Structure formats: structure tokens, C-alpha cells
Amino acid sequence: MGRGLCWIGYSMVGLVISSAALAQPKPAIPLQLKIAPQISNHAPDHWYVDQRAWRYQSTSNVRFTVGNSTPQLVSGLKTVPLGGLSFSDRVDAVLTDKEQWRYGLALGVVDKQPTATDFNYGAKAARAWVDVRLSPKLSFDGLYQRAEGYEQVGLGSRYHLSSTGGVWAMSLTQSHHRAGKGWRYQGRYDMDISETVDMSLSTETYSGAFSNLLQSQNKSFTTPQAKHGVEVHWDTGRWGALGASYSSTQPRLGQNQHSFGVNQQFWYSSNLRIDLDAQRQIHTGDYNMGLRFSLPVF
């Protein structure tokens, strides 16, 4: 039996210290820029069990999922977990010898609580998406999500400047729902400062009454505001990955919010991983600290 099978189950122990029980400052949510893997490591033409889903990988690039699915798009367009049936495929060289097309469809219900053990499904929904890599440097993608009384359309792109110039991604999304409509603009720039240090700059702007698919289940929306963030990650080698983040939220009405966080994750031994995390809300003085141990149970 391969060693990798021994790491299926984990036991988590956590310690949290906070000056305010309800204060949970969070840094700006990073946009996902990496293209999702196209081919599974599992043997083709077989069903296998993944987290909250059964998946099938064919000998080609066709994939089927029964359960939760959340595609990762190259520009960082955000999707929500849908529990149901989904299909995806990849096609190469449709127009030229360089481009690559990925597309997918999903029908199911919105997973309002996507955790490993809890299930809380909402309204029926459908999703269609496509991304096109025109060259190794330039990609575009699109997203359409629909539920009863809700509709969302998004377009995005990613451009790889150079081997040292970093990656720029941006997306624009519009939502229509019973309370109105709104827009969300996202932009992110990633660059490698050195072989061990990388930095990310992100911005997110909301206008109107923008609501994502999860918010629409609770009949809520995001008020007009602007978010900006910076993240730095340092690979320290033996002591794992060290990260720091700063985020600023500027609502159209109300007080500006600022938060700062640091975290470190490293393997103390081959059987024990340690995660350290600390965050502080500068505008209120609230803070929290966390310590987590992860170890295999079989």
C-alpha cells in the first residue's frame, strides 16, 4: 500500500485566544490564478472518492462528478460549490496550434456550508463556464450562474508579463437578483521577488447591490465598498512557509477597516505539522491568535 494512503485521516487540535469573541479579522481573500489540474492522478476509466464527491476521469480529458464541484478559473472569477452532477472537458488546437479550451456544466443545489462533515443545501442552481488559453501568456474565461430569482455573468482574463514581470489577472462580474443588481471588479498582480519570496497585490470594488450566489440564498448583498490587500510569502526551508498580509476596506458609508495578519506552517517532524496564525484589526484593536497541530491517525 502506498504511503500516500496513510494520510487520508487527520486529527486537528486548536487553540484560539481573542480579545473579542466575535472579532474575527480576515485578510483580503486572494484571487486564484492557477489553472485547475486537467488530469487526475487517479487511474483513468475509474470512479474514485474525493472530498464530498465521486469523480470519474476518462482516458481523455472528460471528467464527471457526482457531488460537490467548484471549478477554478484562471482569472480568479469566484464560483460557489454546487452539489449535483457536473461535467468538464478540454479541447486543444481548435483555431490554432497553441490555444486550449476548457469548459464545464453543472446542475444541482447550492452548498451553503461546504465543510467535510456538514451539509446545508439551498436552492436549485445551474452553472456554465469556459476558459480559453490563447497562448502561454494570455488567457480569458467566462462564467454564468443561475438560480431562482438570481443571475450572474462574469468575464475575466490573465496575462503573464514575463518570467520576472509577474502575472496580472482581472475580472468583472454582474449580478441580477430580486433586490436589484450590482457589479464586482477584481484585480490581482503576483510577482516573485526572489526564489524564496513572492508578493501579491489585490483590489476588489463593489458597486450597486452586488450579491453572489451564496448571498442570494440569504437575500443579502454587498454594500458599495473598495478592498485592497497585499500579501508576502517567504519559503524559509526547514521552518516552512512564513506569510504576512495587510488589507484595507473602505465602505462608501461607515468607518474604514484595516487588518494585519501573520502565519507560519511547517513540519516539525514527518508525522507532525504545526500551523501558527495571528490577526489584528487595527481600527478596533481586536485580535486573535491560533495554534493548530495536524497528525495522521492511520
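These values consider heavy atoms only, across backbone and side chains, with no hydrogens, waters or symmetry-generated copies. Everything quoted here is computed from the prediction, not taken from an experiment.
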Are the side chain of [X] and the backbone N or O of [Y] linked by a donor-acceptor pair below 3.5 Å?
X	Y	value
Gln225	Ser207	no
Thr222	Ser211	no
Thr236	Gly240	yes
Asp192	Ser194	no

Kindly give the heavy-atom pair with the smallest separation between [X] and [Y], and that separation in Å.
X	Y	value
Ala125	Leu82	CB-CD2, 3.9 Å
Gly285	Arg280	O-NH1, 3.5 Å
Gly156	Leu77	N-CD1, 4.0 Å
Val262	Ala244	CG1-CB, 4.1 Å
Leu155	Gly142	CD2-CA, 4.2 Å
Thr70	Pro81	OG1-CA, 3.4 Å

Would you say [X] and [Y] make side-chain contact, with heavy atoms under 4.5 Å?
X	Y	result
Leu272	Phe293	yes
Val62	Asp89	yes
Val66	Leu85	yes
Tyr206	Thr223	no
Trp129	Pro71	yes
His177	Phe221	yes
Asp198	Trp234	no
Val153	Thr173	no

Margin query: Tell me whether Glu204 is salt-bridged to Arg188, with the criterion being a basic N under 4.0 Å from an acidic carboxylate O.
Written below: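 So Glu204 does not pair with Arg188 through a salt bridge.
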
Separation between [atom1] of [X] and [atom2] of [Y], rounded to the nearest 0.5 Å:
X	Y	atom1	atom2	result
Lys78	Leu214	NZ	CG	11.0 Å
Glu151	Arg146	CD	CZ	4.5 Å
Thr79	Leu213	OG1	CG	10.0 Å
Gln145	Arg127	CD	CZ	5.5 Å
Thr65	Arg55	OG1	CZ	4.0 Å
Ser75	Asp141	OG	CG	3.5 Å

Note to self: Under 4.5 Å between side-chain heavy atoms, counting indirect links through other Ile/Leu/Val/Met/Phe/Trp/Tyr residues: same cluster for Tyr103 and Leu105 or not?
What the structure shows: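 Tyr103 does not cluster with Leu105.
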
Notebook entry, point to check: What about Leu107 and Val80, same hydrophobic cluster or not, with Ile/Leu/Val/Met/Phe/Trp/Tyr joined at side-chain heavy-atom distances under 4.5 Å?
Noted result: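 No, Leu107 and Val80 fall in different hydrophobic clusters.
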
Margin query: One pair to check against side-chain contact (heavy atoms from CB on, under 4.5 Å): Gln250 and His228. What are the steps and the verdict?
Written below: CA-CA 9 Å; Gln250 302 167 346; His228 309 285; 4.0 Å; yes

Suppose we screen for side-chain contact (heavy atoms from CB on, under 4.5 Å). Which residues come up paired with [X], at least two apart in sequence or across chains?
X	answer
Lys137	Ser135, Tyr159, His160
His258	Tyr246, Ser248, Asn256, Ile282
Asp277	Asn263, Gln279, Asn288

Check: Name the one of Arg158, Arg90, Arg102 that satisfies salt bridge (charged side-chain N to carboxylate O under 4.0 Å, His left out) with Asp131?
Finding: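 Filter result, single survivor: Arg102.
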
Note to self: Counting the benzene-type ring for Trp, do Phe210 and Trp183 have ring centres under 6.0 Å apart?
What the structure shows: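 No - the distance between ring centres of Phe210 and Trp183 does not fall below the 6.0 Å cut-off.
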
Notebook entry, point to check: Angle class for the Phe87/Phe64 ring planes (parallel below 30°, perpendicular above 60°, tilted otherwise)?
Noted result: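 Answer is tilted, since the angle falls between 30° and 60°.
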
Under 3.5 Å, is there a donor on one side chain and an acceptor on the other for [X] and [Y]?
X	Y	value
Ser139	Arg133	no
Gln217	Tyr150	no
Ser259	Ser247	yes
Gln186	Ser171	yes
Tyr121	Asn68	yes

Check: Given the rule in the side-chain contact (heavy atoms from CB on, under 4.5 Å) test, do Glu148 and Lys124 qualify, once you have shown the distances and angles that lead to the verdict?
Finding: CA-CA 7 Å; Glu148 184 179 359; Lys124 293 180 290 185; over 6 Å; no

Notebook entry, point to check: Got a sec: does the OH of Tyr144 have more than 12 other heavy atoms crowding it under 6.0 Å?
Noted result: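 Buried by this count: over 12 neighbours within 6.0 Å.
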
Next item on the list: I would like to know whether Gln255 and His283 meet side-chain contact (heavy atoms from CB on, under 4.5 Å); could you show each step before the answer?
Entry: CA-CA 9 Å; Gln255 182 185 12; His283 60 289; 3.9 Å; yes

Notebook entry, point to check: So which of Leu242, Ile274, Asp275 actually passes side chain to side chain contact (heavy atoms under 4.5 Å, CB included) with Gln264?
Noted result: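 Testing each of Leu242, Ile274, Asp275 against Gln264, the sole residue satisfying side chain to side chain contact (heavy atoms under 4.5 Å, CB included) is Leu242.
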
Next item on the list: Run the numbers on Asn271 and Ser269 for side-chain hydrogen bond (donor to acceptor under 3.5 Å, both in side chains), then give the verdict.
Entry: CA-CA 5 Å; Asn271 296 320; Ser269 69; 5.3 Å; no

